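Being a predicted model, the structure only gives us computed values, none of them experimental. Read the numbers this way: they start at 1 and go in the same order the structure lists the ligands and their atoms. In this chain, numbering begins with 1 at the start of the sequence shown.
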Amino acid sequence: MIDEFIEIAKKALQDLLKETEENLKNTISEKTENFSFELPDTTYGLPLIYALEGIKINNLIELKRFFERIKESFTQSTDAITLSLNYLYLSEIALSLNYINTESIDKSSEFKFYGFLGDTIQRTLGVQLVDGRIPAVAVLLGRLDSDKLLSIIKELQEKRILTFLIGAVAEEFLKSGQRHGFEAYIVPVGTKTEHTVFVIDWAVRASLIFGGQTAGDKDAIIEYVRKRINAFAISFGSLNEKAVAMALGAAVLAIPVITDQSLPDVSIPEIAEYPLLTAEKDYSKIVRKAIETRGLKIVVEKPSIPVSYGPAFEGERVRKEDTFIEFGGQKTPAFEWVRMMDVAEVEDEKVEIIGTDWRNRYEQGGRMPLGIIVKVAGKKMQKDFEPVIERQIHTFINEAEGLWHIGQRDINWIRISKKAKQAGISLEHLGLIIMSMTKARFKSIVDRVEVLLYVDEKDILTLREEARQEYRRRDLRLARLTDEEVDKFYSCLLCQSFAPKHVCVITPERPGLCGAFTWLDAKAAYEIEPTGGNQPVEKGELIDPIYGRYSGVDEYVKKHSGGQIQTINLYSIMENPMTSCGCFECIVAVTPEANGVLIVNRGYSGMTPIGMKFSTIAGMIGGGVQTPGFMGVGVNYITSRKFLKGDGGIRRIVWMPKELKERIKESFQKVAEQEGVPELFQKIADETVCEDIECLIDYLSKVGHPALEMEPIIK
Ligand code: SF4
Ligand code: ZN
């Protein structure tokens with residue numbers, strides 16, 4: 001079987017060589033050899049070729065040179081692995097030529113496909129991939145009728161599997177008009193079989209972005225992908241030559257293909273202990289078969305409600321015209337409040353709606369006031385975990401299809417769509433979702449959960465006052481929570497599944513760099529799962545209060561980075577800074593000419609005054625390595641009083657994109673006042689002021705930015 005496949009792949013490679021050669025020739029004669037190009041939003045050239053071969057292709061000469069290499073190796077007899085990889089490389093080249101020629105991915109279709117998958121989205125999804133919110137990545141390719149396809153996609157979405165669609169299925173799905181995109185966990189990539197290479201690209205690039213692998217270290221990278229990237233493909237319809245060649249390429253990376261055709265299993269024991277090609281003709285079993293083949297264990301927690309549930313439905317909006325009923329949103333009084341109680345005060349699994357004539361009022365739709373009180377009790381529950389659970393109400397409600405939630409506390413806003421109502425969603429279901437998901441996700445700290453929904457305005461106003469007092473108490477406590485005051489820090493090792501040497505040390509004044517973990521979150525996560533990714537870190541002795549160096553932290557980091565990192569300063573970017581993985585929200589970068597630092601956030605695609613974009617700087621750091629002068633941080637660390645304390649603090653900030661400035665404005669102002677630089681915010685430049693260094697320096701001198709007067713940042 002395998003020999004037969006290799007013969008077919010050879011044929012496919014030969015055809016693609018011919019096609020591409022022609023295309024390349026035309027492109028060169030039109031644009032000249034020196035024409036430079038870039039795939040959108042990546043710093044890795046043609047990422048697959050760059051990762052595996054260490055060659056960064058940025059213009060047509062380089063492209064041609066590499067093309068010749070593939071062509072030449074084809075004329076010699078090569079082994080199956082080289083042949084398979086060459087097919088993938090050639091597909092990447094063919095698709096790049098498409099980009100150059102049409103600047104869009106597929107002109108032949110009326111639909112807009114996602115095409116090349118950029119670095120930004122990959123970094124954004126990093127945390128979800130490591131914490132299991134996305135347990136696997138699937139590729140669906142070929143042709144299948146709409147009903148079967150949609151039900152398979154629903155199943156994948158409910159299992160939280162990020163799914164890429166290639167070929168006729170991509171078009172079919174877009175035709176259905178259903179929600180798509182990364183938030184929906186379903187991404188139509190393109191219509192050609194070659195487009196599969198964009199997904200393979202993504203898998204391989206993870207080794208560079210998160211894994212700290214060196215481009216060109218082919219064996220290590222292949223090993224990384226085989227071991228760490230949980231991917232599989234499902235192919236519908238007969239496998240054409242291209243699909244066979246693609247499947248062989250995927251096999252090199254241990255990505256199994258499940259086919260709906262009658263074909264015998266193909267196994268290659270040197271690569272994987274499971275079959276790399278296997279058949280399942282029953283569409284209701286095909287997803288399960290794929291999951292089992294890849295050896296994944298996926299636990300789905302779903303409340304019993306009449307609509308679909310899972311993170312794939314989280315980002316979906318319910319617009320005004322689709323709304324059946326809404327609560328809060330400053331239109332009716334509302335609040336949500338998690339309260340820790342004694343066990344005796346909580347009736348487990350009870351959902352009660354308190355108010356007059358509520359059934360009728362709900363049935364009429366429109367608006368209703370709503371007070372949500374979640375009473376929780378548990379032996380390991382702590383008062384500090386109330387806000388951690390409370391914040392999850394947002395996710396719990398949003399994960400239901402057709403339900404929408406924004407805000408929190410007394411500014412929450414909930415909508416139920418007409419469709420969800422038609423499907424049978426009632427007011428009780430809202431309580432049921434919160435009750436069952438709180439129990440499921442917090443099972444080790446919460447033994448009992450009771451949810452009370454108040455719907456009479458009078459009750460809500462009284463209870464909201466009580467809740468507000470509690471919110472104020474919490475805020476005060478949080479503001480007092482400093483690194484000195486607590487007796488332990490927490491680590492986060494979640495990203496080690498991709499960046500094996502990286503350790504995040506999370507303190508009250510320095511949240512995790514991905515923005516997903518505050519100290520309280522990490523502490524709660526540890527209680528919830530004592531053997532999980534968040535572990536207590538004993539502080540030990542405070543060696544340096546300005547730089548934030550603790551003996552206990554050093555010991556911990558040394559041990560858990562496998563001895564790679566000897567010491568870190570929690571509050572410095574210049575001397576032994578914390579390492580970065582790949583999913584940082586922002587990058588802080590030293591700007592020596594301005595004697596300060598600039599900060600750039602992940603969503604900002606413009607140029608920075610140091611002459612590099614976010615994606616370029618991001619490509620230079622990460623992988624659990626210390627890079628003095630550059631550091632990934634979470635947004636909230638910028639407004640911490642410990643921000644770069646060792647290097648001079650917030651006075652060092654000279655530039656930030658406008659959107660980031662706006663986002664942190666209020667809390668930044670508070671810290672700036674405490675630090676005695678109330679006018680600092682106005683003195684920080686953004687892209688509307690300058691995008692290059694000369695202009696930045698002019699501006700800083702003009703406004704009298706304090707960084708210019710400080711001692712040199714580079715000693
Ligand atoms: Fe990764 Fe650090 Fe975020 Fe944990 S806190 S998920 S290790 S970036
Ligand atoms: Zn990370």
Side-chain angles (χ1 to χ4, degrees), residues 119-135 160 162 202 205-213 224 228-229 311 388 391-392 395 441 483 488-537 553 556-562 564-565 568 570 573 577-588 601-602 614-615 617-627 630-638 640 642:
D119 296 355
T120 305
I121 184 66
Q122 192 155 6
R123 290 181 188 279
T124 309
L125 293 179
V127 184
Q128 274 121 289
L129 286 161
V130 296
D131 73 6
R133 266 175 293 165
I134 302 178
R160 309 188 308 268
L162 176 61
W202 154 290
R205 201 167 9 159
S207 68
L208 302 179
I209 291 187
F210 303 109
Q213 303 283 339
Y224 180 97
R228 292 177 194 269
I229 309 293
V388 174
R391 251 190 304 140
Q392 290 304 311
T395 310
R441 302 244 170 112
D483 289 1
K488 277 189 200 80
F489 297 149
Y490 286 86
S491 67
C492 187
L493 303 175
L494 280 176
C495 282
Q496 290 206 342
S497 54
F498 287 126
K501 289 175 277 184
H502 173 69
V503 180
C504 266
V505 178
I506 301 173
T507 78
E509 293 175 280
R510 182 161 184 181
L513 55 84
C514 58
F517 284 92
T518 65
W519 181 81
L520 274 182
D521 295 323
K523 183 175 174 210
Y526 168 65
E527 297 292 338
I528 291 164
E529 211 190 332
T531 55
N534 300 99
Q535 294 294 318
V537 177
V553 171
Y556 186 93
V557 172
K558 190 171 165 184
K559 179 161 169 221
H560 291 270
S561 66
Q564 296 277 340
I565 309 293
I568 64 165
L570 293 169
I573 185 178
M578 201 185 294
T579 60
S580 304
C581 45
C583 39
F584 29 78
E585 286 187 300
C586 299
I587 300 173
V588 186
N601 55 305
R602 191 165 55 207
F614 178 92
S615 56
I617 314 174
M620 295 163 28
I621 65 178
V625 184
Q626 283 177 316
T627 38
F630 296 92
M631 186 163 72
V633 299
V635 171
N636 290 335
Y637 179 52
I638 305 171
S640 156
K642 298 287 177 12

Roughly how far apart are Ser491 OG and Tyr556 OH, rounded to 0.5 Å?
3.0 Å
If you round to the nearest 0.5 Å, how far is CD of Gln626 from CE of Met578?
10.0 Å
Verify, without hydrogens or angle tests, whether Arg123 (side chain) and Arg602 (backbone) share a donor-acceptor contact under 3.5 angstrom.
no
Can an N, O or S atom be found in His502 less than 2.8 Å away from atom 1 (Fe) of ligand 1?
no
Any heavy atom of Cys583 closer to ligand 1 than 4.0 angstrom?
yes
Measure the spacing between CG of Asn534 and OH of Tyr526 and express it to the nearest 0.5 Å.
11.0 Å
So, applying side-chain contact (heavy atoms from CB on, under 4.5 Å) with Glu585, which one of Asn601, Asn636, Ile638, Val635 is it?
Val635
Would you say the Zn ion (ligand 2) has Cys504 as a near neighbour, meaning an N/O/S atom of that residue under 2.8 Å away?
no
Whether Gln496 side chain and His502 backbone form a donor-acceptor pair below 3.5 Å:
yes
Taking non-hydrogen atoms only, is Cys581 closer than 4.0 angstrom to ligand 1 via side chain, backbone, both or neither?
side chain
Within Cys583, is some N, O or S atom less than 2.8 Å away from the Zn ion (ligand 2)?
yes
Shortest non-hydrogen contact from Leu513 toward Gly632:
CB-O, 3.6 Å
Any donor and acceptor pair, going by atom type alone, linking the side chain of Gln128 with main-chain N or O of Pro135 inside 3.5 Å?
no
min-distance protein heavy atom vs atom 3 (Fe) of ligand 1 -> Cys514 SG, 2.2 Å
Would Cys581 count as a contact for the Zn ion (ligand 2), in the sense that one of its N, O or S atoms lies under 2.8 Å from it?
yes
Residue, atom name and distance, where the atom is the protein heavy atom closest to atom 2 (Fe) of ligand 1:
Cys504 SG, 2.4 Å
Interfacing atoms of ligand 1 (cut-off 4.0 Å, heavy-atom, Leu513)
8 (S)
Can you tell me which residue and heavy atom of the protein come closest to atom 1 (Fe) of ligand 1, and the distance to 0.1 Å?
Cys495 SG, 2.3 Å
What protein heavy atom lies closest to atom 4 (Fe) of ligand 1? Include the residue and the distance to one decimal.
Cys492 SG, 2.2 Å
